[in-house]
Amino acid sequence: MSADLAYLSISELAAGYRRGTLSPVEVTRAALERIEREEKYLNAYILVTGDRALEQARSAEARIRRGDASPLCGVPYSLKDIFDVAGLPMTCASNVLRGHLSATTAFVARRLADAGAVLLGKNNMLEFAYGETHPDFGNTPNPWSAERSAAGSSTGSAVSVCAGQAYFSIGTDTGGSIRLPASYCGLAGVKPTYGRVSRSGVVALCWSCDFVGPLARSAADAALVLGAIAGHDPSDPTSSRRPVPDYAAALGRPVRGLRVGVVRREFEEHLDADVRDAATQALDVLRDLGMEVVEVSPPPFEHAVLALLTILLVEASSIHRTWMAERPEGYSAAVLERLRQGALIPGVDYLHAQRARREFRDGIARVFQEVDLLVTPTSPSVAHRFADEVPGRDLTPYVRRTGPFNLTGYPAISIPCGMSGGLPLGLQLVARYFAEDVMFAAADAYQRATDWHRRRPPAVS
C-alpha cells in the first residue's frame, strides 16, 4: 500500500471510488497488508477482521456502482476494542473479558455498517480505558517515535490512523482519551456534546463522563464521521433527540467575527515552552482568519479535574464491582488498585464533586455568553517516553485541559498545531453545547491555513 494511497482523505477516497480509479476491495486489501506488515512494530490491533472486511468491501463496491453510497461507503476504519460487534471478541484489553463474544452490535458500529464503512478490526487500548496498559496486551508505540507513548486510552485507534492503517477510527473519551492520543499522534480527535453520540454497546468506565467520537487525519474527515454516527438512540437514555446538522456543510464556512476565548493560565502554567509557543502561534493564525481572540476567566481548571477524577474513581469502581469480586486476577495490578481506591471514597466526597461539577459548568456557561469558542493547548507536552511512565501515576496534570469538558459535557476537538523535536503538538477548540458545526468550521479554517495535519510519521521499521 503506497503512502499516497494510505494517507488519502476520506473525500479523496470517495472521489476515487466514484470515478472508478479506486476500488474498495483493493483499498481494503492494501490496508490489511499494511496492518500485517506493521503490527509487529505497532501492536495497534487486538483483532484483525480480514475476511469480514473484504466481504464488506465487496458489498460497498456494489453499492457505489448502484449509486447508493454515503461519504463513508467503502472507507476502511478501525474500532476501539471497547465496542460490541456481534460475533466478535471484545476484551477492553483485559484478561477479565478473555473469551467474551459480543451478542449484539454497538449503535455506532451499526451506523457505520449502514453507511457502508469497512471494519478492519478492533484496536488495542489501555485496560478498560483506565489509564494503564495490561502487560498481556502490551504497549502501542507512537508511530513518530517507537520509544514514546501514543497516550490513551484510545491508543491503538490513534496509532492505526496515524500509521496509515485505517482512514479513521472510533474511540472513547472520559478525560481526554480521544483528544490526547490525537495530540500525541498529530490527528484530529473529537469529543462531541454529551448525548450527541450513543454509548449503547460500549463498556462504560464512568457513565456521566464517557463519550464516543472519531479520530481522523483532519477536522474535515472527522466531521464526515461524526455526521454518520451522531443521532438519537432509544436504547441510550442519555441520547439527545436534537436533530443532527450537516457537519460537512460547516467546512469552508466563513469564520470571520467568531469570538475565541483564551484562558491565560492554561497557556502559562504546567506547560512545556514548545507547546506554549506553538499554541500561541496558532492564536495568531486564528486572528489572521478574522477571529477575535479575547481573554476569559472561567473557574480554575484544576478544580474541575479534581471533581472529575473523584467522580471517575467512584463510578468506575461501581461499574466494576462484580468483576472485581469474581475475577480480580484478570486485571493488571495497577488498574485493580485504582478500582479498589475508588471503592474507598466516601459518598460525601462524591456529592461534593457533583456540586463542584455544577459550579464549574455554570462558570463555563457564563464564559460562553461572551465567546463562541474556547482555545487551549491539548496536552502539556509532546508524547512522553514509556520509560517515564509509573504505574498508578497521578492523572491530574495529564488531563488538566481536556478533563474539564468531560465533566461539563461541552464538545471539543484536538487538532495538530506544531512540531517539537519531530513530535506533534495539539490545540484544543471547545464549543457551546451542540455547536460542533462552529467547532468544525474553525478547525477546518485553521487547517486550510496550515499544514500540520498533513505531516506523516517516518516509515515504520
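Hydrogens, waters and symmetry mates are skipped; everything else that's a heavy atom, side chains included, is used. On a predicted model such as this, the values are computed, not experimentally measured, just so you know.
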Q: Report the residues that fulfil side chain to side chain donor-acceptor pair (under 3.5 Å) with Ser183, sequence neighbours left out, ordered by chain and then residue number.
A: none
Check for a donor-acceptor pair, side chain of [X] on one end and backbone N or O of [Y] on the other, with a separation under 3.5 Å.
| X | Y | result |
| --- | --- | --- |
| Thr49 | Leu119 | yes |
| Glu292 | Leu258 | no |
| Ser420 | Asp274 | no |
| Ser154 | Thr172 | yes |
| Arg338 | Tyr130 | yes |
| Arg217 | Val161 | yes |
| Ser318 | Val314 | no |

Would you say the side-chain atoms of [X] and [Y] include a donor-acceptor pair closer than 3.5 Å?
| X | Y | answer |
| --- | --- | --- |
| Ser208 | Arg357 | yes |
| His134 | Tyr331 | no |
| Ser239 | Asp233 | no |
| Thr91 | Asp81 | yes |
| Asn406 | Asp173 | yes |
| Thr105 | Asp84 | no |
| Ser218 | Gln447 | no |
| Ser78 | Gln165 | no |
| Ser149 | Asn139 | no |

Regarding [X] and [Y], does a basic nitrogen lie under 4.0 Å from an acidic carboxylate oxygen?
| X | Y | result |
| --- | --- | --- |
| Arg98 | Asp136 | no |
| Glu269 | Arg264 | no |
| Asp114 | Arg110 | no |
| Arg400 | Glu266 | yes |

Where [X] and [Y] come nearest, the two heavy atoms and their spacing:
| X | Y | result |
| --- | --- | --- |
| Tyr41 | Pro141 | O-CG, 3.4 Å |
| Pro404 | Thr408 | O-OG1, 2.9 Å |
| Ala163 | Leu42 | CB-CD1, 3.5 Å |
| Leu407 | Ala304 | CD2-O, 3.5 Å |
| Ala222 | Pro214 | O-CG, 3.9 Å |
| Leu312 | Cys206 | CD1-CB, 3.6 Å |

(Q) Is there a side chain to side chain contact (heavy atoms under 4.5 Å, CB included) between Arg196 and Arg242? Walk through the geometry before answering. (A) CA-CA 8 Å; Arg196 180 76 288 179; Arg242 286 190 180 220; 4.0 Å; yes
**Q.** Pair Phe128 and Trp323, ring centroids less than 6.0 Å apart
**A.** yes
Q: Using the test side chain to side chain contact (heavy atoms under 4.5 Å, CB included), find all partners of Asp246 that sit at least two apart in sequence or belong to another chain.
A: Ala248, Ala249
Q. Who passes side chain to side chain contact (heavy atoms under 4.5 Å, CB included) against Pro346, sequence neighbours left out?
A. Val348, Asp349
Q) Which pairs, with at least one residue in residues 366-381 and sequence neighbours excluded, count as a side-chain hydrogen bond (donor to acceptor under 3.5 Å, both in side chains)? A) Asp372-Arg432, Thr376-Gln428, Thr378-Ser414
Q: Let me see the working for Arg199 and Thr238 under side-chain hydrogen bond (donor to acceptor under 3.5 Å, both in side chains), right down to the final yes or no.
A: CA-CA 9 Å; Arg199 299 171 300 172; Thr238 68; 3.0 Å; yes
Q: Could you please spell out the steps behind the side chain to side chain contact (heavy atoms under 4.5 Å, CB included) verdict for Leu373 and Val430?
A: CA-CA 5 Å; Leu373 296 163; Val430 185; over 6 Å; no
Is the number of heavy atoms from other residues, nucleotides or ligands under 6.0 Å of [X] [atom1] greater than 12?
| X | atom1 | answer |
| --- | --- | --- |
| Arg393 | CZ | yes |
| Arg259 | CZ | yes |
| Arg321 | CZ | no |

Find the distance between [atom1] ([X]) and [atom2] ([Y]) and round it off to the nearest 0.5 Å.
| X | Y | atom1 | atom2 | value |
| --- | --- | --- | --- | --- |
| Ile10 | Phe168 | CD1 | CZ | 5.5 Å |
| Asn142 | Cys162 | CG | SG | 6.0 Å |
| Arg179 | Leu187 | CZ | CG | 14.5 Å |
| His352 | Thr310 | NE2 | OG1 | 11.0 Å |
| Arg52 | Gln56 | CZ | CD | 6.0 Å |
| Asp236 | Ser198 | CG | OG | 4.0 Å |

Q: May I have the step-by-step check of side chain to side chain contact (heavy atoms under 4.5 Å, CB included) for Val371 and Val260, ending in yes or no?
A: CA-CA 6 Å; Val371 298; Val260 176; over 6 Å; no
(Q) With ring pair (Phe, Tyr, Trp, His ring centres under 6.0 Å) as the rule and sequence neighbours excluded, what pairs involving residues 173-200 come up? (A) Tyr184-His384, Tyr194-Phe211
Q. Which pairs pass ring pair (Phe, Tyr, Trp, His ring centres under 6.0 Å) with one or both residues in residues 400-429, sequence neighbours excluded?
A. Phe301-Phe405, Phe368-Tyr410, Tyr410-Tyr433
**Q.** Chi angles and distances behind the side-chain hydrogen bond (donor to acceptor under 3.5 Å, both in side chains) call for Glu302, Thr396
**A.** CA-CA 8 Å; Glu302 58 268 31; Thr396 305; over 6 Å; no
Q: Go through the steps to decide whether Asn123 and Ser169 satisfy the test side-chain hydrogen bond (donor to acceptor under 3.5 Å, both in side chains), and finish with yes or no.
A: CA-CA 9 Å; Asn123 296 122; Ser169 188; 3.1 Å; yes
Q: Only one of Ser177, Ser153, Ser160 passes side-chain hydrogen bond (donor to acceptor under 3.5 Å, both in side chains) with Lys80; say which it is.
A: Ser153
Q. Taking the six-membered ring of Phe386, is the NZ or CZ of Arg148 close enough (under 6.0 Å from the centre) and on axis enough (within 45°)?
A. no
**Q.** Steps toward side chain to side chain contact (heavy atoms under 4.5 Å, CB included) verdict (Met90, Leu88)
**A.** CA-CA 7 Å; Met90 192 267 289; Leu88 295 183; over 6 Å; no
